[in-house]
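Every value quoted in this text rests on a predicted model; they were computed, and no experiment measured them. Counting from 1, the numbers follow the sequence of the chain as shown.
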Amino acid sequence: METVNAMKLHTMDEVAEMLRKSPAQLRWMRHNGTGPKSAKLGGRVMYREQDVIDWVNAAFEVEAS
């Protein structure tokens, strides 16, 4: 059986605040597949902190190219 590493999870509102976006903008990004990875857990959309960080870092790498 595989174990899951401890990770910090964030709600859509928390991630929207981190990214300085409105929750509606983040929902639209999720709908279009242009935002950070997310999953529905217990009926709520949740984001792993590392996925949000990776998504931001990837955006900076594209701009630098």
Side-chain angles (χ1 to χ4, degrees):
M1 182 167 134
E2 285 187 49
T3 58
V4 177
N5 293 330
M7 65 192 78
K8 188 165 184 180
L9 296 174
H10 293 282
T11 65
M12 185 174 283
D13 287 341
E14 291 169 337
V15 173
E17 186 175 330
M18 289 168 61
L19 298 176
R20 296 182 180 171
K21 302 264 184 207
S22 71
Q25 287 173 308
L26 190 57
R27 277 192 295 277
W28 182 250
M29 292 167 68
R30 184 173 185 268
H31 173 76
N32 286 331
T34 58
K37 290 180 192 176
S38 62
K40 262 194 168 177
L41 301 173
R44 292 182 78 179
V45 175
M46 301 297 288
Y47 295 83
R48 291 183 294 200
E49 185 171 80
Q50 190 60 52
D51 288 337
V52 176
I53 292 167
D54 291 345
W55 181 81
V56 170
N57 287 337
F60 278 95
E61 289 172 9
V62 170
E63 287 183 13
S65 298

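Side-chain polar atoms of Glu61 and Asn57 form no donor-acceptor pair below 3.5 angstrom.
Atom CD of Glu49 is separated from atom CG of Asp54 by 10.5 Å, given to the nearest 0.5 angstrom. From Met46, atom CE reaches atom NE2 of His10 across 8.5 Å, with rounding to the nearest 0.5 Å.
Residue-environment remark: CZ (Arg30) exceeds the threshold of 12 foreign heavy atoms within 6.0 Å. Atom CD of Glu17 has 12 or fewer heavy atoms from other residues, nucleotides or ligands within 6.0 Å.
What you find for Leu9 and Glu14 is that their closest heavy atoms are O-OE1, 4.1 Å. Residues Met18 and Val52 share a closest heavy-atom pair of CE-CG1, 3.9 Å. Across Leu26 and Pro36, no two heavy atoms sit closer than the pair CD1-CD, 4.3 Å. When all heavy atoms are compared, the tightest approach of Lys37 to Tyr47 is O-CD2, 3.1 Å. What you find for Lys21 and Gln25 is that their closest heavy atoms are CA-OE1, 3.3 Å.
No path of Ile, Leu, Val, Met, Phe, Trp and Tyr side chains, each step under 4.5 Å between heavy atoms, connects Met12 with Trp28, placing them in separate hydrophobic clusters.
Put simply, the side chain of Met7 does not reach to within 4.5 Å of the side chain of Gln50, judged on heavy atoms.
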